[in-house]
Visitor: 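Pasting a structure below so you can have a look.
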Amino acid sequence: MAPLGIKKKKKGEDPAIDGEEEDTADGAKPKKEKSAGGGKGKLLTLVLVIVLVAVALFTGGVIMAKIVLPNLITTENPGSANVEDPAATEEPTDGEEFEPEVTHEIGEMTIQLAANAEGKKGFLIIKTSLGFADAKQGETFPAKLPEIEDIVNSTLMAKTMDELSLPSDVEALKHVLANKIGKLFADKKGNPAQVKILVRKFIMQAA
């Protein structure tokens, strides 16, 4: 005879198949074992969340480095815009826009010109005067006349007859001479004087 509280198991019966739990001797039901698959599923979910967060942070960092930071670095300083080079706005010294207050005669000079591509040389007879926008700037003209003559002579000796054959060539020469000579009469701040070259005679002869 089986003790009370204990259910007899028939031969061939399997509690797992019948869906019934086997009673223990003291009437307590046996504990169910926890599934190992549930723990693994939670761990996999946690790893996936960490990976997604890391990818999002990395993507945000790349966007910041490629778009935001370059814009911050290359932002122009408003105070530095439209700054003009003082040299670009410097007034010309050849004095074409003014009438001289005083004019000094440089005199007549005969200068041997350079040979052209064919080896032909020539002579130039030139008589010029130097006009000043400010009469005071021309007060030292007599003392500087030898330097002025040297500038005229060295400039023209480098020219050929072909380079001085047109009226536009002569005008260009006047600008060059005025700029060079104006520097001889620069003020204390180094600003060249405004001068104008007046050509009184200009005759070229082949050698």
Visitor: Determine whether L173 and D169 satisfy the following criterion, side chain to side chain contact (heavy atoms under 4.5 Å, CB included), listing intermediate values before the conclusion.
Guide: CA-CA 6 Å; L173 173 66; D169 298 332; over 6 Å; no
Visitor: Going by heavy atoms in the side chains, are K201 and E108 under 4.5 Å from each other?
Guide: yes
Visitor: Return the CG to NZ distance between N116 and K121, rounded to the nearest 0.5 Å.
Guide: 10.5 Å
Visitor: Go through the structure and list residues passing side chain to side chain donor-acceptor pair (under 3.5 Å) with Q205, not counting sequence neighbours.
Guide: none
Visitor: Which heavy-atom pair separates F98 from Q194 by the least distance, and what is that distance?
Guide: CZ-O, 3.5 Å
Visitor: Could you tell me the separation between the CG atom of L124 and the NZ atom of K159, rounded to the nearest 0.5 Å?
Guide: 12.0 Å
Visitor: Using the rule that Ile, Leu, Val, Met, Phe, Trp and Tyr join whenever any side-chain heavy atoms are under 4.5 Å apart, tell me whether I125 and L198 fall into a single cluster.
Guide: no
Visitor: Give every donor-acceptor pair under 3.5 Å between a side-chain atom in residues 127-153 and any protein atom, sequence neighbours left out.
Guide:
| residue | atom | partner | partner atom | Å |
| --- | --- | --- | --- | --- |
| S129 | OG | R200 | NE | 3.2 |
| D134 | OD1 | K136 | N | 3.1 |
| K144 | NZ | L184 | O | 2.5 |

Visitor: Would I106 end up clustered with L164 when hydrophobic side chains under 4.5 Å apart are linked, directly or stepwise?
Guide: yes
Visitor: Could you give the distance from CE (M204) to CG (L156), rounded to the nearest 0.5 Å?
Guide: 10.5 Å
Visitor: Would you say M109 ends up clustered with I197 if hydrophobic residues are merged whenever their side chains have heavy atoms under 4.5 Å apart, either directly or through other cluster members?
Guide: yes
Visitor: Step by step, work out the side chain to side chain contact (heavy atoms under 4.5 Å, CB included) result for I203 and I126.
Guide: CA-CA 6 Å; I203 301 173; I126 184 171; over 6 Å; no
Visitor: Just wondering, do I50 and L46 contact through their side chains at under 4.5 Å, heavy atoms?
Guide: yes
Visitor: For M157, look at atom CE and say whether over 12 heavy atoms of other residues, nucleotides or ligands are found less than 6.0 Å away.
Guide: no
Visitor: Report the C-alpha separation of F202 and V170 in whole Å, then their side-chain angles, then the decisive distance to 0.1 Å, and conclude whether the side chain to side chain contact (heavy atoms under 4.5 Å, CB included) test is met.
Guide: CA-CA 9 Å; F202 193 91; V170 178; 3.9 Å; yes
